[in-house]
Amino acid sequence: MSEVHSGSDAPTRGRLSADRALRSGFGTEAAVYGTILTSGLVAVSSAHGETSASVLLTVIITVVVFWAAHVYAGAVARHGEVDGEVMGIGSAFRHSLAHSFGMLSSATVPCLILLAGTTRLIPDDLANSAALWSGVMVLALLGYIAFLRRGAAPWVRLLGALGTAAFGVVFVVLKAFVH
């Protein structure tokens with residue numbers, strides 16, 4: 001017996017393909033963690049008037065080290081027998097690499113803004129502040145997407161976006177007090 005699809009399935013199919021595209025890197029818990037890490041680095045690194053080049057270098061080095069540690073820890077944790085299945089080190093590494101990609105991708109927007117400051121397209125202070133606020137915006141988007149995936153009502157999606165963005169706002173407030 002064949003299944004007949006009505007036009008009402010189109011939004012579901014669209015949501016599922018967007019979900020698949022985002023889940024591969026940007027829409028993951030690693031992306032949320034990476035964005036929070038990046039926001040903290042930008043806040044602390046720029047709090048004492050550092051140049052955007054210095055902040056960018058700090059962010060890149062630290063995020064890459066944390067990402068590598070995350071990949072390594074994931075590979076070690078998955079290697080061997082887990083839930084009755086044996087996973088070789090190569091498979092464990094590949095799985096961990098794919099799972100952790102969001103940590104790197106989450107630093108892209110703030111790093112591009114910091115690069116704009118480094119190349120003097122925008123002033124250093126503006127680049128540092130915009131990079132910090134971009135983390136808030138990325139977190140809001142990630143929170144919204146998480147609740148969208150679960151089919152939550154629009155008001156719940158907005159609350160999810162606000163709740164996730166609040167982690168970034170903490171660093172904006174921190175920078176204001178430290179600066």
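Predicted, not measured: the structure shown is a model, and the values here were computed from it.
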Results of side chain to side chain contact (heavy atoms under 4.5 Å, CB included) for Ala146 - residues two or more places apart only: Arg150

Residues in side chain to side chain contact (heavy atoms under 4.5 Å, CB included) contact with Ser45, at least two apart in sequence or another chain: Val55, Thr58

With sequence neighbours excluded, residues passing side chain to side chain contact (heavy atoms under 4.5 Å, CB included) with Ser39: Thr35, Leu132, Phe171

Joint cluster assignment, Val172 & Phe177, ILVMFWY side-chain distance < 4.5 Å: yes

Residues forming a side chain to side chain donor-acceptor pair (under 3.5 Å) with Ser54, sequence neighbours excluded: Glu50

Ala161 versus Ala140, closest heavy-atom pair with distance: CB-O, 3.3 Å

Sequence neighbours left out, cut at 3.5 Å: what donor-acceptor pairs do the side chains of residues 64-75 make with other protein atoms?
{"residue": "His70", "atom": "ND1", "partner": "Ser100", "partner atom": "OG", "Å": "2.7"}

Considering all heavy atoms, the nearest His79-Ala92 contact: N-CB, 3.7 Å

Same apolar cluster (I L V M F W Y, side chains within < 4.5 Å links), Ile36/Val173: yes

Within one Ile-Leu-Val-Met-Phe-Trp-Tyr cluster: Val136 and Val138, side-chain cutoff 4.5 Å: yes

Under 3.5 Å: donor-acceptor pair, side chain of Ser134, backbone of Ala131: yes

Contacts of type salt bridge (charged side-chain N to carboxylate O under 4.0 Å, His left out), residue Arg94, not counting sequence neighbours: none

Backbone N/O of Leu126 and side chain of Ser129: donor-acceptor pair under 3.5 Å: no

Taking every non-hydrogen atom, the tightest pair across Thr28 and His99: OG1-O, 4.4 Å

Met137 CE: over 12 foreign heavy atoms closer than 6.0 Å: no

CA sep, side-chain torsions, deciding dist, call: Asp124, Ser52, side-chain hydrogen bond (donor to acceptor under 3.5 Å, both in side chains): CA-CA 5 Å; Asp124 275 332; Ser52 54; 2.4 Å; yes

Over all atoms of both residues, closest heavy-atom pair of Ile113 and Ala127: CG2-O, 3.4 Å

Heavy-atom check, side chain of Leu114 versus side chain of Val42, under 4.5 Å: yes

Single-linkage hydrophobic cluster, 4.5 Å side-chain cutoff, Trp133 and Leu139 together: yes

